[in-house]
Amino acid sequence: MIPITIQDVKVITTMPYANQRLVIVKVMTSEPGLYGLGCATFTQRFHAVVAALEHHVIPYVIGQDVQRIEDIWNMSMVNSYWRNGPVLNNAISGIDQALWDIKGKLANMPVYQLLGGKCREAAAVYTHADGADLHEILDNVQKFQAEGYRYIRVQSGGYGGKYLGDVRPEGAVKGTYYDPKAYMRSALKALEHVRSSVGEEVELLHDIHERLTPIDAVGFAKMVEPLKLFFLEDALAPEDIEWFTQIRAHSTVPLAMGELFNNPLEWRSLVERRLIDFIRMHVSQMGGITPARNAAIFAQIYGVRTAWHGPADTSPVGHAANLHLDVWAPNFGIQEWCRFPEFMYELFPGLPECRNGYLYPNDKPGLGIDIDEKLAAKYPCQDEVLTWTQTRLPDGSPARP
Ligand code: MG
């Protein structure tokens, strides 16, 4: 049998809304009309991913047998010698997800069937409720409850809380300032207010977004314990993960970690030592469906569940990939859902639909999603020096975003 091969790869960039620069890879094959889509979105450094694809990854994969996903993924990883970085992982993810899409189309099956079939009909999702004050936060939580959401992430005034007062030293440079202590107080107040108002029926979540010192994260995990969160997200920066032993020793709050992880070494020991309850890596950032499937199976052995990262800077193609993993994985926990605006369903036909707090895959072969390239071209990516990640502490020093 003559293998079907990769004939050409197109890298599509588009910025349809909210300044999210999306990178979509389209793999065309030797079979007329057969192609696959993959997410390679690293929104903050999208040019670097495009260059990695065009100059390094694509020249290697042209002519390869589309069926050999494992071989192509593993060789693409080691072909650069240096590996496990966000740019290369995203570039490889674009190819990897597209090859899973193609394999599904060849088998005439959705990708979840190739993974082992459904464990559930749909994925329960959590969404993000924020607000400038307690009143607005509670309003938003109740609005989502009315729409059927049963898992709600509660934040107060953005990830860093509301920046209270101005104690910057004279001459402090411009930036996005936050005060970790003020954040900690306001987040706790918001969570207490929401929990006491909505009762225990609804699952509440919170994202520290690595904005506390490790010892304050330990203290915060202890303080929120009585609020019975579904999970506490990214309590620590990846650089501080050894502190998870301290959090575990002082609190039973379930812990979710990993949206910034690049390298399997980062999640391996946390899972093996049962220091977290949910892996929540960014699937394109870890290299695509192939490594995510492996991580999910690995986590299952240790009783750890999945909660893949699902912000607006994961493209709709990436969200479709998340969802195929979600409905398959026996150890699925929850899926983050960014509630795409309606027009994104025109731009990405087949984008999963959310009803009553559940995200539903369609039954089309492959990932079940497409892109309207003409429409995508109407939203070219604009270059910008990012400001929200220029985070600083009250004394003006740089901080993690
Ligand atoms: Mg997060």
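Order of appearance sets the numbers: ligands from 1, and atoms from 1 within every ligand.
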Looking at the Mg ion (ligand 1), is there an N, O or S atom belonging to Glu336 that lies under 2.8 Å away from it?
no
Sub-6.0 Å ring centroid separation between Phe278 and Phe230
yes
Closest N/O/S atom of Glu259 to the Mg ion (ligand 1), by atom name?
OE1
Shortest-distance N/O/S atom, Glu233 versus the Mg ion (ligand 1):
OE2
Under 3.5 Å donor-acceptor, Arg21 side chain and Gln382 backbone:
yes
Which atom of Asp207 approaches the Mg ion (ligand 1) most closely (N/O/S)
OD2
If you measure only the distance, is there a donor-acceptor pair under 3.5 Å linking the side chains of Asn90 and His282?
no
How about CZ on Arg268, more than 12 heavy atoms from neighbouring residues, nucleotides or ligands closer than 6.0 Å, or not?
no
